[in-house]
Amino acid sequence: MTHTISKVLSANDTGENGAHQAGILIPKDKTILSFFPALQKQMKNPRCSLVFTDTDGVTRWKFDFIYYNNKFYGGTRNEYRLTGMTAYIRSMKLEAGDSIELTKDENGRLHITAKRQQSAEEENGVLKLSTTWKVIRIPL
DNA sequence: AGCCATGCACCG
DNA sequence: CGGTGCATGGCT
């Protein structure tokens, strides 16, 4: 049984807003979280190193899945993150709006795919076609 | 809940 | 000493 999830990158994720942060946020959605290994909620900031294989089937990317839960230890955090992704994001030249797809195959192996956002020109092209052309009358 | 932002430690 | 990223706080 494979499991695939995807995330649209925010400006903060890609570093476009100057944030020197190395990871993306993982929503606390059961179907999303179940993709990742369970972390020890009873310890502070538990983490797990994960290796994803790129689409070429050769390149490996190591990310860290971390549960920042210091809210239960006197802090304010209670969120999941996947850190250490800047090398990947840069090599793929990903920008806010682009997305990444994470897949876990039958053998539990992890794969990552970069999904580039449709360009504005392409969107305009589609829009132009759909709004410029109309069916006036259908032949009998 | 999710994105924005940063102090400081670390490292070349 | 400038860049990077962890860990964390802030804002909407």
Side-chain angles (χ1 to χ4, degrees):
Chain A
M1 185 64 170
T2 68
H3 190 168
T4 301
I5 60 177
S6 78
K7 165 86 166 68
V8 177
L9 270 28
S10 68
N12 201 54
D13 292 334
T14 61
E16 287 173 63
N17 55 12
H20 40 106
Q21 177 195 268
I24 71 174
L25 181 133
I26 307 293
K28 286 200 286 296
D29 185 301
K30 188 165 185 267
T31 56
I32 301 289
L33 287 178
S34 63
F35 174 90
F36 297 96
L39 293 175
Q40 309 293 325
K41 289 190 169 63
Q42 50 273 24
M43 70 171 71
K44 185 182 179 182
N45 295 355
R47 66 204 59 211
C48 179
S49 217
L50 301 174
V51 175
F52 289 83
T53 302
D54 210 334
T55 48
D56 61 8
V58 179
T59 310
R60 303 294 195 83
W61 301 96
K62 185 166 75 67
F63 304 137
D64 279 310
F65 177 53
I66 308 177
Y67 179 31
Y68 285 108
N69 62 354
N70 71 12
K71 182 174 186 176
F72 309 115
Y73 299 85
T76 62
R77 297 298 97 191
N78 179 28
E79 63 194 36
Y80 293 85
R81 274 195 157 95
L82 196 58
T83 73
M85 302 189 71
T86 43
Y88 177 78
I89 289 172
R90 282 184 185 175
S91 77
M92 293 298 157
K93 295 182 166 42
L94 295 178
E95 299 174 352
D98 291 340
S99 54
I100 55 170
E101 200 172 88
L102 304 177
T103 298
K104 183 166 58 178
D105 67 23
E106 298 82 354
N107 304 313
R109 291 197 175 79
L110 303 168
H111 302 271
I112 184 167
T113 305
K115 297 278 197 176
R116 195 163 301 280
Q117 182 187 36
Q118 197 173 36
S119 72
E121 297 77 57
E122 287 168 340
E123 283 179 7
N124 287 339
V126 172
L127 184 63
K128 188 175 181 181
L129 279 176
S130 62
T131 56
T132 303
W133 291 84
K134 296 181 190 175
V135 172
I136 303 299
R137 186 181 60 194
I138 299 174
L140 300 176

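Quick note on labels: first sequence line is chain A, next is B, and so on, each numbered from 1. Hydrogens, waters and symmetry mates are skipped; everything else that's a heavy atom, side chains included, is used.
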Parallel, tilted or perpendicular, as decided by the 30° and 60° cut-offs, for the rings of A:Tyr88 and A:Phe63: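 Correct class here is perpendicular.
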Indicate, with a heavy-atom threshold strictly under 4.0 Å, whether A:Lys71 touches base, sugar-phosphate, or nothing.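 If one applies the 4.0 Å heavy-atom cut-off, A:Lys71 turns out to touch nothing in the nucleic acid.
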Atom pair distance, as rounded to whole Å: [atom1] in [X] and [atom2] in [N]:
X	N	atom1	atom2	answer
A:Leu25	C:dC6	CG	C1'	15 Å
A:Tyr80	C:dT8	OH	P	16 Å
A:Ile89	C:dT4	CD1	C1'	14 Å
A:Ile24	C:dC6	CD1	C1'	16 Å
A:Phe63	C:dT4	CZ	P	17 Å
A:Ile26	B:dG2	CD1	C1'	12 Å

Candidate pair A:Lys7 and A:Leu82, rule side chain to side chain contact (heavy atoms under 4.5 Å, CB included), full reasoning: CA-CA 11 Å; A:Lys7 165 86 166 68; A:Leu82 196 58; over 6 Å; no
First of A:Ala87 and A:Gly75 reached from the 5' end of DNA chain C, by closest nucleotide: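 Closer to the 5' end of DNA chain C: A:Ala87.
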OP1 or OP2 of [N] less than 4.0 angstrom from a side-chain nitrogen or oxygen of [X], does that happen here?
X	N	result
A:Ser10	B:dC4	yes
A:Asn45	C:dT8	yes
A:Thr86	C:dT4	no
A:Asn69	C:dA7	no
A:Thr83	C:dC6	yes
A:Tyr68	C:dT8	no

Out of C:dA7, B:dC4, C:dG10, whichever nucleotide has its closest atom nearest the side chain of A:Ile66: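 So the nucleotide nearest the side chain must be C:dA7.
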Among C:dA7, C:dT8, C:dG5, which nucleotide sits nearest the side chain of A:Lys44?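 Of the options given, the side chain of A:Lys44 lies nearest C:dT8.
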Note, DNA chain B 5' to 3' with Watson-Crick or G-U pairs under 3.5 Å encoded as ( ), [ ], | and . gives ||||||||||||
Are the side chains of [X] and [Y] in touch, meaning some heavy atoms are under 4.5 Å apart?
X	Y	answer
A:Ile24	A:Ser10	no
A:Trp61	A:Thr53	no
A:Met85	A:Asp13	no
A:Met92	A:Asp54	yes
A:Asn70	A:Lys44	yes
A:Ile26	A:Tyr67	no

Table of protein N/O atoms under 3.5 Å from nucleotides 5-9 of chain B N/O atoms:
residue, atom, partner, partner atom, Å
B:dA5, N6, A:Gln21, OE1, 2.6
B:dG7, O6, A:His20, ND1, 2.9

What distance do A:Ile89 atom CD1 and A:Ile100 atom CD1 have between them, rounded to the nearest 0.5 Å?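 Taking CD1 in A:Ile89 and CD1 in A:Ile100, the distance rounds to 7.0 Å.
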Please tabulate, one pair per line, all N/O donor-acceptor pairs under 3.5 Å involving side-chain atoms of residues 103-112 of chain A, not counting sequence neighbours.
residue, atom, partner, partner atom, Å
A:Thr103, OG1, A:Thr4, OG1, 3.0
A:Lys104, NZ, A:Phe35, O, 3.0
A:Asp105, OD1, A:Asn107, N, 2.8
A:Asp105, OD1, A:Gly108, N, 3.1
A:Asp105, OD1, A:Arg109, N, 2.8
A:Asp105, OD2, A:His111, NE2, 3.0

